Structure formats: structure tokens, C-alpha cells
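Here the structure is a predicted model, which is why all the values come from computation and not from measurement.
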Amino acid sequence: GEYDVTMEEEEEEIDEEQVEDYCAMLDRLGNFPEKVAINSLSMAAEDFASSPTSASTIYDCIRSRLVDRTSAGISSPDRKLPLVYVLDSLLKNVKGVYINIIQDDAANWMTTVYDIFDKANEEDKKARLKKVWNTWREFGVMKDEKKWRQIGQCFLKADEKEKAVADAKTAASGIVRNTGGTLQLTPSLRKQMQLLLDEVQSDGVDELDKVSLERLADINPDLLQQIKEVAEAAIKEQNQQQNSIQQQQSTSLSSSNNVPAAPTTPLSDWSKLKLNHLEKSHDLIASLQRHVRSANETVVVQAQLNDTTHLYAAVSASAQLLTDMLQQWKDGKGFGSGGDNGSGTRRKRRYSIVKPAKFTNEGIKERNDAVIAQLYEVGLPFVCSADGRRFGTQLELSKHLDALFRKSQIEKTMERTDENGWYPEESVWILGRNAPDTAPSAAEDKSSDALHNATADNPADEGPTTVSADETRDRCILCGINFAMFFDQDDGEWKYRNCTEKNVELDGPTMEEEESEAVLVHVTCWQGLGSPEYLTADQIRHAS
């Protein structure tokens, strides 16, 4: 038994030949971190995961190549990152004694590899090396925070240096940070800069990789400075446009000082109204338009509106008309002008509720109730009950109704001709009725079963002329025409009109030993055969 234990302990130790094979595998790894090769190296090292001596030997093979700066080929910066991935695989997958061995010495070779990448200006490799270091804490490989930070001292120092340089650049550009680390910017400037930054990051940047203004100040202060300059120029241009608009408005107001003052209505009077624009809005809007256009005092309008509680649309209409009046007074035309110029000015003012400043990506998404109202109760309050068309004035609606009336009268006075059939109808020929009495009815009804819609006048008719609808028997067995179907309100079911059920005598016994079969036929077709009690197979074959 002691001999077997000794043999097992000897098998756990790595020999020189295995070391040479492992080193050869590391050399064949080359510059590219091939996943299959890294897995093979991890599996070979896993056999010695419980032997500190053998594990240290394997670790030394990797470390010696990792920190080598002089040997040809091995010292190349391109050979370092694949070796780092091998050590990362030993920590995360093999584990065992490799965790303590690598943790105790990682601070030394991590700094050396970082310096090699830094001198070679390999920023991408430095970022990947830092990512490996971060995953050791994220995946719980290194639970000692102090030791983890000690291993990554090279990255922490680089971040501090980079932040100091970024702060100096942001300070030089006039951007100062608050105590919490945020940038000291005015709300308008921050908003404009954020819009520009979002536009820069809109194409080709993943949502998770997008940065804020504070983060941009750390990683690229030059770009932040450019965004700030563009944002300031945009804000300056907007202010100039607003100033020019205000100057134009003040100039127009100063030129209209000699215009008579418009009648004003106290705000409290309008605010007392509790209106519902869905009820009787047409009549009251028309009343408001009539009084305002005739330049009556607002007392008259107020007297009409004191008892109303349903006219929000009327208030909007009156406000629009008062605006049109003010524009007419400004132009010096007064109340009496009702020509084309006045209507053109009114139309122009009506559509001036759409502000040009709203034609932006955000502005067009906003709901404009005033524009919607112009299309319905306010702009086109008069609705035609005949076809639903809307009109702006009662006169236009009256003209439209007159045109519809004239059209209907013309249609009524148009001559109509009734066409005579080429030959007497079947029912006329069978029953011997007079052709003039039945010909018009056939001309008016052109359906396929028009010949069977009329019930027989024979007093000897038997049974009802309607039968419950049966989709398996939907046509007459004699003429082959579908039955006319209707819904019986009394019985609550679909029925066939001008239909009756009759028995057909079969020629011989059937498989079910039945001598007759019930079929559905038109009453008129059955009467045309002489109203027999039973139908024969010859009659059915002859009819088909």
C-alpha cells in the first residue's frame, strides 16, 4: 500500500520531457491567441493543479517568456498578450494552486507587460490587458480588493495621469468641474452640447458605448472643446434671430400707433363661460361671426352667451375673428371692407397660427389643437347632413344644399324605360296569366330566381311556402336554381322563400331500403308539374 501511494505522488510531479513539450507548445502559440491552443495548454497544466512544485514550474515557463525583453521573437510585444490569456485561463478554468501562485507574482509581470505595450504605443493591447485585470474582480477570481488593486497599479496610475491631463485641458478651455465632478455649464449650453454629442454618437456607436459630457471631458477633452465652441455659436445665432424678430415686431407696432384701439373684453367675462363645443356650436358660431363682422359691441355678444354652457368652439371662433378685425384696423381698412383683400388677409391670419419656429424635428411632433380646430368646428363649422362635407360659412353650405337639391330633381325627372322580355315568363305561360300584368315585375327583378318569388294564386296550395334553410339542399331539384334565403324574425332562423318539401319515389330499393326521398323544390316549379303529391325520378331527370 505504501508503494502505491509513493507512485501516485511521483506521477503528480512533472518531468523534464513534459516541461520541454509544454515550452514548445507555448512557442507555437505565436502572436495570435488561438482558443484551441490555449485550451490545450490549460488541459496540460490541469494535470498538475494539485502539485505546487509542478504548477510553479509551468508558471515559470509562461512568466519567463512574458517578461523577456531581449530574446529574438519572444520579446516582441505581439507575443505577450496570448501568454496573458494562458495565465487568465489557468486562473478561471484550472484554478487549484495556480490561483495563489499567479496572485502573488502578478503585480510584477503585469507592470512589465504594461510598460512593453506603452513603449510600443500599443494602446489597443493596453486596453485588452486592463480588461483581463478587471475580469479577475468581476468573476470573483480575486476576492482580495487590496491585492487586486496592487496588481493593477500600472492602470490606476495611468488613469490618474490621464485625468489630470484632461482636467488641465478642460480648465484651459474654460470648463470647470463642480465638487461632484459635473461640468459647470449653463443649462442652455449643456442642452446644446448634449444635442451635438448625441448627433456625433448617432452613427456607428453602440448604445452601451455612448458617453456623457463628463466622460468625454476625461477621454477626449479636445472634442469636448470643439463641441462647446459649436454650441456657443449656435446659441449666439439663435439669440440674434430672436433679437431681429423682436425688432421687427417693435417696428410694426410703432408704425400702427395711429390705429384706433380695438374694443377689449375683460378676461373675467370670458373665463366665466363653461362651454361645450359639441352642442349647438354651428348656430352660435354663426351668431358670433355675424355680430363681430357687423362691428356690434361686445355687450350684444355677451348677452347671447350669458346663458350658454356648451360653446368652447365659439370662443375660439370669436377670438379668431377679433384677430382678423385687428389686422384690418392695422391696415387702415376699418369694419366696412369686405372685399377680396379683406378675405385674403383673414385667410392669411387664420393660417398664421402655425409658427415657423415649430418646423423642427421636435416641433412637428407636438399636437396643435388650433390647427385641428381649423379643420373642424372652428374653421369649418357648417356640416352638410347629406354628404358630411364641411364649409366655413352658412352661405357656402346653402349653395351646396341647393346644388344637391337640383341634382336630385334632375335625376327624378330623367325618363326611364321598361324593357319587355323576348318571350312570356315561365310562370305566365304555365298559369295562363296575362303577360302585361307580369312583364314589368320580371324586368325590375333580374335575379336568378325571379321566376319563383311570386306565390301561386291557386287556393288549393298545400303547406307553407317557406322551409328552414339547409346548406346541403340549397337549390331546387327540378330547375337547379338556388333558393332565395331570408331571416325569419319570428322564428329566429334563416329560411328559404317559395320553397316546399316533397317526396320523390325511387325506381328500386336502395342500400338503406328506402322507397322515397325528401327533396326541396320551388312551389312554382311544383305547381308547374300539376302539384303532384309525389314526384317521380323521371320528372327529376327530365327537369335536369
Any donor-acceptor pair under 3.5 Å linking the side-chain atoms of [Y] with those of [X]?
{"X": "T135", "Y": "K92", "answer": "yes"}
{"X": "D198", "Y": "Q194", "answer": "yes"}
{"X": "Q242", "Y": "Q246", "answer": "no"}
{"X": "S51", "Y": "E13", "answer": "yes"}
{"X": "N93", "Y": "S89", "answer": "yes"}

Determine yes or no for a side-chain-to-main-chain donor-acceptor pair under 3.5 angstrom, with [X] supplying the side chain and [Y] the backbone.
{"X": "Q153", "Y": "R149", "result": "yes"}
{"X": "Q103", "Y": "K147", "result": "no"}
{"X": "S54", "Y": "I14", "result": "yes"}
{"X": "D118", "Y": "Y114", "result": "no"}
{"X": "Q201", "Y": "V211", "result": "yes"}
{"X": "N134", "Y": "K130", "result": "yes"}
{"X": "T186", "Y": "L189", "result": "yes"}
{"X": "S75", "Y": "A72", "result": "no"}

Are any of the side-chain heavy atoms of [X] and [Y] separated by less than 4.5 Å?
{"X": "E366", "Y": "T360", "answer": "no"}
{"X": "D488", "Y": "T466", "answer": "no"}
{"X": "D88", "Y": "W136", "answer": "yes"}
{"X": "R473", "Y": "E501", "answer": "yes"}
{"X": "R390", "Y": "F382", "answer": "no"}
{"X": "V84", "Y": "W109", "answer": "yes"}
{"X": "E20", "Y": "C23", "answer": "no"}
{"X": "M193", "Y": "L224", "answer": "yes"}

Is the distance between the ring centroids of Y98 and Y59 under 6.0 Å? no
Is [Y] paired with [X] through a side-chain N to carboxylate O contact shorter than 4.0 Å?
{"X": "K157", "Y": "E160", "result": "no"}
{"X": "R190", "Y": "E232", "result": "no"}
{"X": "R65", "Y": "D68", "result": "no"}
{"X": "R128", "Y": "D124", "result": "yes"}

For the atom pair [atom1] ([X]) and [atom2] ([Y]), what is the distance rounded to the nearest 0.5 Å?
{"X": "I477", "Y": "L520", "atom1": "CD1", "atom2": "CG", "result": "9.0 Å"}
{"X": "D222", "Y": "I227", "atom1": "CG", "atom2": "CD1", "result": "11.5 Å"}
{"X": "E16", "Y": "T57", "atom1": "CD", "atom2": "OG1", "result": "10.5 Å"}
{"X": "L87", "Y": "I102", "atom1": "CG", "atom2": "CD1", "result": "5.0 Å"}
{"X": "D105", "Y": "N100", "atom1": "CG", "atom2": "CG", "result": "12.5 Å"}
{"X": "D104", "Y": "I151", "atom1": "CG", "atom2": "CD1", "result": "8.5 Å"}

Crowding at [atom1], [X] (>12 non-hydrogen neighbours, <6.0 Å):
{"X": "Q240", "atom1": "CD", "value": "yes"}
{"X": "E145", "atom1": "CD", "value": "yes"}
{"X": "E493", "atom1": "CD", "value": "yes"}
{"X": "Y376", "atom1": "OH", "value": "no"}
{"X": "Q150", "atom1": "CD", "value": "no"}

Testing S64, P82, C61 one by one against L26 for a side chain to side chain contact (heavy atoms under 4.5 Å, CB included), which residue passes? C61
Do you know the tightest heavy-atom contact between [X] and [Y]?
{"X": "L91", "Y": "K95", "result": "O-CG, 3.3 Å"}
{"X": "L41", "Y": "Y22", "result": "O-OH, 3.2 Å"}
{"X": "S468", "Y": "K495", "result": "CA-CG, 4.1 Å"}
{"X": "A234", "Y": "Q192", "result": "CB-NE2, 3.8 Å"}
{"X": "L380", "Y": "G392", "result": "CD2-N, 3.7 Å"}
{"X": "F155", "Y": "K126", "result": "CE2-O, 4.0 Å"}

Side chain to side chain contact (heavy atoms under 4.5 Å, CB included) evaluation trace for N108 with R63: CA-CA 10 Å; N108 297 325; R63 185 186 186 283; 3.8 Å; yes
Kindly determine whether K80 and L129 satisfy side chain to side chain contact (heavy atoms under 4.5 Å, CB included), including the steps that lead there. CA-CA 10 Å; K80 306 303 180 183; L129 182 64; over 6 Å; no
Going through the checks in order, is the salt bridge (charged side-chain N to carboxylate O under 4.0 Å, His left out) test met by R367 and D369? CA-CA 6 Å; R367 177 185 175 92; D369 294 330; 2.6 Å; yes
Check the orientation of W133 and W148. Use parallel for under 30°, tilted for 30 to 60°, and perpendicular for over 60°. parallel
Is there a side chain to side chain contact (heavy atoms under 4.5 Å, CB included) between R69 and I116? Walk through the geometry before answering. CA-CA 8 Å; R69 299 189 181 202; I116 294 174; 3.9 Å; yes
Would I101 and L90 satisfy side chain to side chain contact (heavy atoms under 4.5 Å, CB included), going step by step from the backbone distance to the final call? CA-CA 11 Å; I101 295 175; L90 296 181; over 6 Å; no
